Amino acid sequence: SFIPKKEDRFTFGLWTVGNPGRDPFGLPVREGFAPVESVHMLAELGAYGVTLHDNDLVPIDATAAERERIVNEFRGALNETGLKVPMVTVSLFTDPVFKDGGFTSNDPRVRAYAIQKTIQAMDLGAELGAQTFVLWGGREGSEVDAGKDAVEATKRYREAINFLCEYNISQKYGFRFALEAKPNEPRADIYMPTTGAMLGLISTLEHPEMVGVNPEVAHERMAGLNFYHAVAQALDAGKLFHIDLNDQKMGRFDQDLRFGSDGVKEAFFLVKLLEDYNYQGMLHFDAHALRTEDRNGVIEFAKGNMRTYLILKDKVKRFNEDKEIQALLQEINGKKLELPGFDFKFSAESIQALKGYQIDRATVGAEGINYERLDQLTMEILLGVR
Ligand code: GCO
Ligand code: MN
Ligand code: MN
Ligand code: MN
């Protein structure tokens, strides 16, 4: 058991298994898996698909003929293995031209190029059959706030996304955009630093229905936030279009650790949320093998992400079927309010009833809620003794 199958909808970025172990202080330590190699390796491990940035596949300076050759070869591997490309994204951060941002750059020459590059990546995505287009504004931010008006930057961000939505409609691509927030790295501060901030931006767009979020475990944890809560808000808003699974020590530099390798409990509640609410999107791993690893370690890394998800899914089932846990939850969530005419919806009747309400404050305030017991039972499930 715990063997990944296509139906599990696991996907990996080409940049994840392709990562050669370079970091800001050190050189590459291994040869990353090339795109065609990645397709074969991931198919063998039971993944559903691969995702990519435009330039993970096609170099930024490729000629039209080179592009065609590369895309054909890649497609050949997809056809051979049955692997899908459900999501495509664009790199607006690697090339020096984007050093001060793409959509939010002060330089209109750069802003126009960022939009041009994105629509070309959308064309590529459509060719490969992708349904989701992720936008991660890694360079949309600042170190020197004197240099860029943040209100202006927000307007430019909105204008660019509105443009892309119109392009999507005009080409009948049917993409759903997923905005990915990150608080910092590579910029000192990135605009729209959290999933909640992205949800706020979406409500100001011309086509809010076309745009959702792509929350990433590591990014909310870097900001010291509770990822489970961030994803819950996105789910409630109907905006969880995609998700980046990995792990991260709280508050540190961007670590992109294997899913579930650091915060087991948080990973458990995330899996529980996705499974209980029947999330049907891709389970996308955006992480990379440790720099200590060779290519074999990359394979172990890829397997580990999926296996941990499946193990946690089994733990969720145990939790949901555990009689003692369910009885406790029943007790915690089964409290009754005796107040005829009041149903938490505002009306003339309910306001009347509420005005006459008298809580027994002392008794309710003194009741134990039993979270200690519940949490311990949860831990025992996670630790494998239940
Ligand atoms: C990061 C980001 C990226 C994006 C990717 C897709 O921290 O580097 O998570 O990996 O997810 O660029 O847009
Ligand atoms: Mn990341
Ligand atoms: Mn990262
Ligand atoms: Mn990501």
Side-chain angles (χ1 to χ4, degrees), residues 10-26 28 32 49-56 85-94 98 102 118 121 125 130 132-141 176-198 212-225 227 230-231 234 239-263 266-267 270 274 281-291 293 298 301-302 305 309:
F10 291 131
T11 59
F12 287 83
L14 284 184
W15 68 94
T16 67
V17 288
N19 186 296
R22 186 190 297 111
D23 75 13
F25 303 94
V50 281
T51 69
L52 51 105
H53 300 88
D54 48 356
N55 306 135
D56 295 336
V85 180
M87 181 277 268
V88 161
T89 180
V90 61
S91 170
L92 299 180
F93 46 89
T94 314
F98 297 122
T118 305
T132 304
F133 197 94
V134 164
L135 289 169
W136 172 60
R139 299 269 175 206
E140 315 292 2
R176 298 207 303 169
F177 294 94
L179 309 183
E180 179 176 347
K182 188 176 184 182
N184 56 273
E185 229 182 305
R187 300 310 295 263
D189 287 290
I190 298 179
Y191 298 128
M192 269 37 91
T194 62
T195 297
M198 283 299 186
V213 290
N214 179 39
E216 174 171 319
V217 179
H219 296 179
E220 305 288 325
R221 280 183 76 80
M222 284 170 73
L225 301 176
F227 188 64
V231 175
K239 290 297 184 192
L240 188 64
F241 288 6
H242 201 261
I243 192 163
D244 275 2
L245 302 174
N246 58 9
D247 216 337
Q248 168 79 29
K249 289 186 191 291
M250 186 154 307
R252 306 273 170 87
F253 67 93
D254 179 12
Q255 298 173 317
D256 290 324
L257 301 171
R258 192 179 75 256
F259 177 65
S261 62
D262 195 72
E266 212 175 312
L270 174 63
L274 297 175
M282 294 299 133
L283 296 166
H284 180 243
F285 297 107
D286 183 8
H288 50 75
L290 300 170
R291 194 163 178 271
E293 304 309 290
V298 175
F301 152 83
N305 281 291
Y309 190 97

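Bear in mind that the values here come from a model prediction, so they are computed numbers and not experimental data. Atoms within each ligand, like the ligands themselves, are counted from 1 in listed order. Side chains are part of it too, since the values below use all heavy atoms of this structure and drop only hydrogens, waters and symmetry mates.
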Would you check if the side chain of Asp54 reaches a backbone N or O of Val90 as a donor-acceptor pair within less than 3.5 Å?
no
Where the side chain of Gln255 meets the backbone of Lys249, is there a donor-acceptor pair that is under 3.5 Å apart?
yes
Got a second to check how far His219's NE2 is from Glu185's CD, nearest 0.5 Å?
8.5 Å
The N/O/S atom of Asp254 lying closest to the Mn ion (ligand 3) is OD2
How are the rings of Phe12 and Phe285 set to each other: parallel, tilted or perpendicular (split at 30° and 60°)?
tilted
Could you work out, with salt bridge (Lys or Arg N to Asp or Glu O under 4.0 Å) as the rule, every residue matching Asp256, not counting sequence neighbours?
none
Quick check for you: within a radius under 2.8 Å, how many protein N, O or S atoms neighbour the Mn ion (ligand 4)?
4
Using 2.8 Å as the threshold, say whether any N, O or S atom from Asp256 sits that close to the Mn ion (ligand 3).
yes
Kindly compute the distance separating CZ (Arg291) from CG (Asn19), expressed to the nearest 0.5 Å.
10.0 Å
Among Thr51, Asn214, Thr132, whose side-chain hydrogen bond (donor to acceptor under 3.5 Å, both in side chains) with His242 holds?
Asn214
